[in-house]
Amino acid sequence: FLSVTGLILYFSQISIRKRKNEPKKRKKTKKRYNWNLKWHNKIGWTTTIFLLITTATGIFLRPPFLIAIAEAKVGKLPYTVLDTPNPWYDLLRRIMYVPSEKMFMLSTFEGFYYSKDNFATIEKFEKQPPGSVMGVTVLKQLDDKNFLIGSFDGLFEWNLQTGIAFDIIKNEEYIAPVKIGPPGDFKISGYGFDRKNQKIAFDYTFGVLQIGENEIDFPEMSQEILDKTPMSLWGAALEVHTGRYFKPITGKFYILIVPLVGIFGVFIIIAGFVIWFKYYRNKESKKKKRNLKMSN
């Protein structure tokens with residue numbers, strides 16, 4: 001509403017200036033201008049705080065600003081859904097029992113933990129395998145000491161004894177980054193086997209991935225599905241909302257659309273409030289002066 005009325009105000013000003021010699025059209029445009037100005041200001045100043053909070057915090061929901069706060073910690077905000085005595089709320093991602101070690105393994109938002117005494121105590125693994133903050137999508141025990149761990153950071157074979165994680169897609173040892181960054185090159189969403197019982201992984205972007213040197217036997221996507229399956233409106237809205245829709249035009253810089261629009265949005269909200277406040281204060285000042293003259 002504020003965006004639409006703001007545009008109407010902008011173009012109405014131009015129209016009023018151009019129609020100096022057209023009293024009827026000028027009067028009509030001015031009437032529309034005054035109505036939009038009245039409600040633009042009323043709704044604008046009453047929602048300023050909400051708009052600022054929503055816009056400013058929205059900037060940090062996606063990279064690159066998300067990366068800046070990913071490791072930061074704050075206390076639980078009172079009266080929010082996170083303000084709960086349950087310590088596992090929105091923290092636990094996966095859990096499995098490891099018979100060879102007689103322990104429970106837990107994948108959480110903050111890393112991997114284990115318990116060998118039925119959760120009387122829970123300890124964090126000293127050497128952490130890679131696991132996206134979004135949670136692991138694959139957690140499978142391969143043998144007594146090795147586990148398969150997949151997430152949006154990739155697919156890894158993790159040795160419980162040495163703590164070494166091996167990237168089985170890139171065929172190299174994993175080296176943990178100094179700081180949390182964007183998702184890895186391979187965003188693993190699943191793991192399984194083809195028709196020849198060969199290992200395969202499912203990638204969020206690329207689809208089925210081959211693991212190892214043997215060529216996989218996996219059916220191609222049906223052309224009928226490709227041609228007739230429509231995109232959900234929610235999916236389309238998400239593509240536009242997150243700026244991914246503009247990737248063919250801007251390339252990798254599409255990631256900057258959300259933070260830049262957010263910053264511009266914050267500036268417009270503050271600037272709009274300042275303009276309204278100065279106008280309102282001047283209006284009140286003139287009103288007081290007029291009332292003072294009348295009383296004298």
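Computed from a predicted model, the values in this text were never measured in an experiment.
Look at K187 and D153 and you find no salt bridge, because none of the NZ, NE, NH1 or NH2 atoms lies under 4.0 Å from a carboxylate O. Using a cut-off of 4.0 Å between Lys/Arg side-chain N and Asp/Glu carboxylate O, E110 and K73 are scored as salt-bridged. A salt bridge between K76 and D83 is absent, with no side-chain N of the basic residue lying under 4.0 Å from a carboxylate O of the acidic one.
Summarising the geometry of D217 relative to Q198, their closest heavy-atom pair is N-NE2, 4.2 Å, with the distance given to 0.1 Å. Between I16 and K30, the closest heavy-atom pair is CD1-CA, 4.0 Å. Shown here for S12 and T29, the closest heavy-atom pair between the two residues is O-CG2, 3.8 Å. For the pair W88 and L106, the tightest heavy-atom approach, listed with the atom from each and the gap, is CH2-CD2, 3.7 Å. For D203 against T205, the heavy-atom pair with the smallest separation is OD1-N, 2.7 Å.
Under the 4.5 Å side-chain criterion, counting only non-hydrogen atoms from C-beta, K145 is in contact with E101. Looking only at side-chain heavy atoms (C-beta outward), I211 and I200 stay at 4.5 Å or farther from each other. Here the side chains of E239 and M231 are in contact, with some heavy-atom distance below 4.5 Å. Proximity of T47 to L2: side-chain heavy atoms (C-beta onward) are separated by under 4.5 Å at one or more points.
Taking a 6.0 Å sphere around NZ of K27, one finds it holds 12 or fewer heavy atoms contributed by other residues, nucleotides or ligands. Within 6.0 Å of the CG atom in L91, the count of heavy atoms belonging to other residues, nucleotides or ligands exceeds 12. The neighbour count for F109 CZ, taken as heavy atoms of other residues, nucleotides or ligands under 6.0 Å away, does not exceed 12. Crowding of L226 atom CG: a count of heavy atoms from other residues, nucleotides or ligands under 6.0 Å exceeding 12. Residue F273 qualifies as enclosed at atom CZ: its count of foreign heavy atoms under 6.0 Å is above 12.
Listed by chain and number, the residues in a ring pair (Phe, Tyr, Trp, His ring centres under 6.0 Å) with F60 are F65 (sequence neighbours excluded). Take S100 and apply the side-chain contact (heavy atoms from CB on, under 4.5 Å) test, not counting sequence neighbours, and it matches V98, Q141, D144. With sequence neighbours excluded, the residues forming a salt bridge (charged side-chain N to carboxylate O under 4.0 Å, His left out) with E224 are K228, listed by chain and number.
Paired with Y191 under the rule side chain to side chain contact (heavy atoms under 4.5 Å, CB included), one option of L148, L209, T137 passes, and it is L148.
K38 forms no cation-pi arrangement with W35, by the criterion of a distance under 6.0 Å to the ring centre and an angle within 45° of the ring axis.
For F104 and Y97, the ring centers are positioned less than 6.0 Å apart.
By the 30° and 60° cut-offs, the orientation of the rings of F218 relative to F202 is perpendicular. Classified by interplanar angle (parallel below 30°, tilted 30° to 60°, perpendicular above 60°), the ring pair W158/F125 is perpendicular.
Atom CG of residue N36 and atom OG1 of residue T5 lie 6.0 Å apart, to the nearest 0.5 angstrom.
Side-chain contact, E123 with Y113: no donor N or O sits under 3.5 Å from an acceptor N or O.
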